[in-house]
Amino acid sequence: MNTSLETLRPELLERLPATVQKPAYDRETLAPGMAHLGVGAFHRCHQAEYTDDLLSRQFDRWGIVGINIRPPHLAETLGRQSGLYTRLIRENDHVEARVIGSIVKVVDSQDSAGPALDVLASPDIELVTMTVTEKGYCHVPSTGELDLGHPDIVHDLANPETPRSVPGILTQALELRRATHGRKLTLLSCDNIPTNGVILETVVRTFAERRGNRLADWIAAKAAFPSAMVDRIAPAVTQDDLDSVEQWFGYHDGAVAVGEPFRQWVIEKKFAGRMPRWDLVGATFVDDVTPFEHLKMRVLNGAQTTLATLGVLAGLEHTSDAIADPLLSVFVRRMLVEETVPTLMPVPGMEPLAYIEQSLGRLKNTAIRHRNHQIATDGSQKIVQRLLNPIRDRLSQGASIGLLAVPVAGWMAYLIQASERFGKLWPVSDPYAGKVAAIADATGRDAPALASAILAIDTIFDPGLAANETFREAITVALGELLSDNPMAAVRHSLEQDEVARLKRSKQSAL
Ligand code: CS2
């Protein structure tokens, strides 16, 4: 940090360089109306930007109170800057800078839930949005039910007034609302899990049912949990990003966020009360989010997870490096076109093949430094919706899954090679890393035994899928190759086999 530079703050808004846009509304009069849990790069590039757009178009009481219940602390960055930050949109050589003003206050609640509960229970707050990552919901990925064995859930059910988990904190906030003013609340999940609203509702309801006291009935009457599909690639911010703002614009900003030009937000029309009119500024309110969600998670996110895990195995650093690799780029396109697209539902106004090309184009953006390891983080929470659900649909159609199986084996190989037994090739972060490492320890290099033991984790692989012979065989073969000295052989062979199968099919249909 260059200490001679001023830090971004409200007084600096009048003196920003002309190339930096600033809020086009009177921030002084902006009152809080919603809270957001999980103020990371994604929130700053997405919901907060939509809200900033909306406030300049139709000013209303929709300031955001940003809350973190996990690291990092916000006080020293966003807090110090009165919620202001620079949002950079980057695409190759192009940069567009704008200071976003929609976050009016930030609250650190990492040490205890108290500060978060004060905000969430306040009568001023009509809406809570959240990006708490897939694992924040404490659900079982393969079923969507609350994981009653999760240590934080066990803790929170025993100590409901001092919760640690997202379901525990939200349920306690709803209990406090019932006890104090009784106002309605919309809880809007913005995480990449399928039917995110249903999962959020399920974990909160199950938690409330366990608490008893008819709280679950009150929640059913007063709260709404719409589902939403959110999209914008916004990687973890780096020191380079902070330095760039200093160099280009001459001020210090500790809360910069960097995203790509593309953004999308599709929200289920199911609200408890008033909602921000994000539909006036590019979001879409629909009756059913499912087709949009499948398209995005299976195509864009499926491609990202594939390129990330296979990219790490190939020694590549970022998504843009992985997609520049000729083999991986052919692989990912073929996988999506041949195996993923037939599993999609029709999506109003969107054409799947065009969407694939657009998505792959987005991943080529070299200004977005999205690390493969970042995307591979928490892979166990991502592969169900991105890869296993399309695989299950394909198998039920009697169709091939030889390509989609490779990144699933890629996820296994990624965790296996992070274990002691396999030389700890890289550090990983995944709730199932310990379990996979224990399997690797017990099993050694025997691919069929490794595959079999990992497929037996029924919280990820539903037993019907894990028992399917076609799937088991494809996973076992790919895993063996991915763990060899020539991991990309798995990718090449799956493409060759797919080609052979394709030729066979076309001969048969010509007969
Ligand atoms: C990424 C997503 O890290 C990841 O899991 O795949 O964060 C992805 O960039 C967003 O879903 C894009 O909208």
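Atoms within a ligand are numbered from 1 in the order they appear, just like the ligands themselves. None of the values given here were measured: they were computed from a predicted structure. The first residue of the sequence shown is numbered 1, and numbering continues consecutively from there.
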Per-pair distances, ligand 1 N/O vs protein N/O, less than 3.5 Å:
unit_1	atom_1	unit_2	atom_2	d
ligand 1	5 (O)	K382	NZ	2.8
ligand 1	5 (O)	R386	NH1	3.4
ligand 1	5 (O)	R386	NH2	3.0
ligand 1	6 (O)	Q304	OE1	2.8
ligand 1	6 (O)	R386	NH1	3.1
ligand 1	6 (O)	R386	NH2	3.4
ligand 1	9 (O)	Q304	NE2	3.0
ligand 1	11 (O)	N192	ND2	2.7
ligand 1	11 (O)	K296	NZ	2.7
ligand 1	11 (O)	N301	ND2	3.1
ligand 1	13 (O)	D231	OD1	2.5
ligand 1	13 (O)	R232	N	3.0
ligand 1	13 (O)	R232	O	3.4
ligand 1	13 (O)	K296	NZ	3.2

Q. Do the charged groups of E260 and R232 touch, with an N to O distance under 4.0 Å?
A.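 No salt bridge links E260 with R232.
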
Q. Is the closest basic N to carboxylate O distance between D156 and R164 below 4.0 Å?
A.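 Salt bridge between D156 and R164, a charged N being under 4.0 Å from a carboxylate O: no.
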
Q: Would you check if there is a donor-acceptor pair between the side chains of H36 and T131 at a distance under 3.5 Å?
A: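 Yes, because at least one side-chain N or O of T131 sits under 3.5 Å from a partner of the opposite role on H36.
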
Q) Counting N and O atoms only, with roles assigned by atom type, does the side chain of T377 sit under 3.5 Å from a partner on the main chain of H373, one being a donor and the other an acceptor? A)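 Yes; judged by distance alone, with no hydrogens or angles, the pair exists.
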
Q. Counting N and O atoms only, with roles assigned by atom type, does the side chain of R57 sit under 3.5 Å from a partner on the main chain of L280, one being a donor and the other an acceptor?
A.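 Indeed, once roles are kept as given, a pair shorter than 3.5 Å links the two residues.
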
Q. Which one of D93, N92, D321 satisfies the side-chain hydrogen bond (donor to acceptor under 3.5 Å, both in side chains) criterion with T366?
A.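 Looking at D93, N92, D321, the match for T366 under the side-chain hydrogen bond (donor to acceptor under 3.5 Å, both in side chains) is N92.
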
